[in-house]
Amino acid sequence: MSRVSVWKSIECSGRLGDQQWTPSRLQARLDYGDSSSWQLEADQLALEWLTLLLPDHLENQRAADIIRQLDLRGTLRGVRVTGTAGQNPLTSLAMSARLEEVSMAPWEAVPGFTRISGSLEGTLAGGTLRVDSRDWSMQLPRLFEHVWEHDRLLGELGWQWSESEGLRLTAAGMRVEGPQGIGSVALDLHLPRPEDTATMQLQVALRDSAADYHHLYLPTRVPGFSEALAEWLAAAELGGRVPLAIFHYQGSIEGEVIAGDRALALYATLEEGHLKFQPGWPALEDVRGTLRLQDQDVLVEQASARLWDTGLDDVRVVVDRLAAGQALQLTLQGSHQGPLADALRIGQETPVAELTGDLFADWRGEGDIAGTLELRLPLRAAAVPELQMDWQIDARELWIPALQAPLQGISGATSYEHGKGLSAENLELSFLGQAVTLGIRSDQGRQQLDASGRHPVSALRGWQLLGGLPLELASGSLDWQASLSLGAGHQELTLNSDLRRLALNLPGPLAKVAGERLPSRLTLDLRATEQRWALEVGDDLRGAAQVRGDTLRAELRFRDGEPRRLPSRGLAIGARFVEFDLPTWQAWFAEQFSRYWRRAG
């Protein structure tokens, strides 16, 4: 049979409401022969017109609704559609066209996009879209809150469709460029028949990016994604350079799925980073390491960072659950080396201050520490942090206000643990110019410092805390053991000694020569507004005193029981003597007054 071709060409233009149809030339050809074929051509086709006109002429209402929701926009140029009568339309119906800034709104699990340009060629059963787009965007509203916006997209997108398998879109290595960096996108999107589950495998690899963009790739709209994790990542103010970042998603893109139907991961290398791991704590700066997000677990490892002036190495930050159903927990581990002042700032300027009753208020120090730390913090409201720090201290000076004199040359191992406080054994240091051994422990919620040493009386005379004691009446040296209990607004110092190396220049039975043991105890109760003293010397001497401002109230008793009632001002003395040598006492008092007036000028 001979072949006959019929051509028809028309010019189209029009207006629908405020929409002007750009003039287009349509051309149709019908071939008659052994098999009839046809061909439609258009120099340009505005997709907005298809969205407006086509749904009203479709018998399938679902198809009409889908076209309206897709809200197609942009222009097709050089459109060519061919077909052959009597053959399977999946393979016989072919189309080619150039796309110019084509946009499509997301529909159910299908991504939306804007300003896609390129060319397509294929059939209903399969084909290829070659993309070369600028200032384009992509949206997956079922997974991500934010639209992905990029400067350029270059690559190929393939499609396959069948009645049994549905639609599959695939892309391998599409190049993307934008403020997020330069990278590639691999996509495998499967939209099966309605009774089956839509799935997607998406991988985005970016180079030379910035951590500020990490929020774009958090699938916060995936059911089950932890709101606490999203809030923590937002509050962390993660920043820095990201030489490489890889995001991967695989699994269902339906609304409700069972556990295990989705897997997501984010891998990133971070340099010059910033991480504020918890409100109230100082941010980690100069972070360098790798970050991994696996489903709802976050891991930062092989990292180094800086906290104030302290360097952190082997840093590991983990956000995970200890057990199913429990709240997410943040764990920060690492080794540290830096100034003692930074360790004190942790006790003064972080939640540790409240946990310890502001124990470290006004402590000051100079020197260095090095050790390890571990912080555990549940990511829930009013959570109490658990901090464990171990360090080796090499401090030139540490000032504890309650001591009213600095500790110097401190060296040894120290630790801090939540719920137990500071602890240390056999710290070596110098106090008032003499060697001292110091231990630190916790006792009934209060911090306890236990120390021992030997001081000549001449060294003790310069200690402001003992300024009220008449140390000029003593000579020699003092072997002592002391315990300092520290609490918020309340410190208590207990000093014990046998006075064996001490001589007391006192009259009568109060005198003591060096070499004689006389077990004694001095207790100072230091409060915000007053000091209270209690003195025990041997079995015979007892004393009590209260100092408030410039007012002294004191009572001293020798072989006359315990102090009973402090006077309103000054010193009250009570004593019992078997014999009393008045001239000796008069001479002693005269000597003391003479010394006092000579010192007073």
Side-chain angles (χ1 to χ4, degrees), residues 402-405 407 426 429-439 448-485 491-526 531-547 552 554-563 571-581 584-585 587-589 591-592 595-596 599:
L403 294 179
Q404 299 185 24
L407 305 176
N426 300 322
L429 57 95
S430 173
F431 182 64
L432 300 177
Q434 303 298 313
V436 171
T437 299
L438 175 66
Q448 197 87 4
L449 279 66
D450 300 316
S452 62
R454 176 185 297 172
H455 279 79
V457 172
S458 58
L460 296 176
R461 287 172 183 155
W463 189 9
Q464 183 179 354
L465 190 63
L466 300 182
L469 295 181
L471 294 177
E472 63 274 9
L473 302 181
S475 60
S477 60
L478 188 70
D479 291 330
W480 55 268
Q481 302 81 41
S483 177
L484 176 62
S485 177
Q491 294 85 41
E492 186 173 291
L493 173 65
T494 301
L495 184 67
N496 292 284
S497 176
D498 63 5
L499 307 184
R500 184 171 63 88
R501 300 178 185 273
L502 195 71
L504 297 178
N505 179 23
L506 294 170
L510 299 180
K512 177 188 176 301
V513 297
E516 177 186 352
R517 293 182 182 274
L518 191 61
S520 303
R521 171 179 293 182
L522 175 65
T523 301
L524 287 76
D525 190 341
L526 309 175
Q531 298 180 6
R532 295 182 180 181
W533 297 63
L535 177 65
E536 300 177 11
V537 180
D539 297 327
D540 297 331
L541 186 63
R542 298 290 184 268
Q546 181 188 71
V547 179
L552 170 66
E555 184 178 9
L556 191 64
R557 291 187 173 273
F558 179 71
R559 296 175 180 171
D560 192 27
E562 301 291 334
L571 173 65
I573 298 177
R576 292 180 180 273
F577 297 97
V578 176
E579 58 182 29
F580 186 78
D581 187 348
T584 300
W585 280 88
W588 182 84
F589 274 110
E591 180 183 358
Q592 302 311 312
R595 290 180 178 177
Y596 173 81
R599 288 198 306 269

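Just so you know, these numbers use all the heavy atoms, side chains as well, and skip hydrogens, waters and symmetry mates. Numbers here are sequence positions counted from 1. What you are looking at is a predicted structure, and each value in this text was computed from that prediction instead of being measured.
Counting only distance, with no hydrogens or angles, the side chain of Trp588 and the backbone of Asn505 share a donor-acceptor pair below 3.5 Å. Side-chain N or O atoms of Lys512 include one that pairs as donor or acceptor with a backbone N or O of Leu502 at under 3.5 Å.
The side-chain heavy atoms of Leu499 and Leu478, taken from C-beta on, include a pair separated by under 4.5 Å. Residues Trp585 and Leu510 are in side-chain contact: their nearest non-hydrogen atoms beyond the backbone lie under 4.5 Å apart. Within the 4.5 Å cutoff, side-chain heavy atoms of Phe558 are placed close to those of Pro509.
A pairwise comparison of heavy atoms in Ala482 and Leu493 identifies CB-CD1, 4.3 Å as the closest pair. Nearest heavy atoms, Pro507 versus Thr584: CB-CG2, 4.3 Å. Summarising the geometry of Ala545 relative to Leu552, their closest heavy-atom pair is CB-CD1, 4.3 Å, with the distance given to 0.1 Å. Here the shortest heavy-atom pairing between Leu518 and Val537 reads CD2-CG1, 3.3 Å. Annotation for Arg576 and Arg559: closest pair CD-O, 3.2 Å, computed over non-hydrogen atoms.
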Check against side chain to side chain contact (heavy atoms under 4.5 Å, CB included), Leu504 and Leu473: CA-CA 6 Å; Leu504 297 178; Leu473 302 181; 5.9 Å; no
From CA spacing to verdict: side-chain hydrogen bond (donor to acceptor under 3.5 Å, both in side chains), Asp450, Ser483: CA-CA 4 Å; Asp450 300 316; Ser483 177; 3.2 Å; yes
Test side chain to side chain contact (heavy atoms under 4.5 Å, CB included) applied to Leu438 and Phe431, step by step: CA-CA 10 Å; Leu438 175 66; Phe431 182 64; over 6 Å; no
Chi angles and distances behind the salt bridge (Lys or Arg N to Asp or Glu O under 4.0 Å) call for Arg542, Glu562: CA-CA 6 Å; Arg542 298 290 184 268; Glu562 301 291 334; 3.4 Å; yes
side-chain hydrogen bond (donor to acceptor under 3.5 Å, both in side chains) between Ser497 and Gln481, worked out: CA-CA 6 Å; Ser497 176; Gln481 302 81 41; over 6 Å; no
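Annotation: the span from Thr523 atom OG1 to Glu536 atom CD amounts to 7.0 Å, rounded to 0.5 Å. Distance check: Leu484 CG to Gln448 CD gives 7.5 Å after rounding to the nearest 0.5 Å. Atom CH2 of Trp480 sits about 14.0 Å away from atom CG of Asp498, to the nearest 0.5 Å. A distance of 8.0 Å separates OG of Ser520 from CG of Leu541, quoted to the nearest 0.5 Å. Rounding to the nearest 0.5 angstrom, the gap separating the CG atom in Asp525 from the CD atom in Gln531 is 9.5 Å. Atom CZ of Arg461 is separated from atom NE2 of His455 by 14.0 Å, given to the nearest 0.5 angstrom.
The environment of CZ in Arg521 is sparse: at most 12 heavy-atom neighbours from other residues, nucleotides or ligands sit within 6.0 Å.
The aromatic rings of Phe580 and Phe577 lie tilted to each other, with the angle between the two planes from 30° to 60°.
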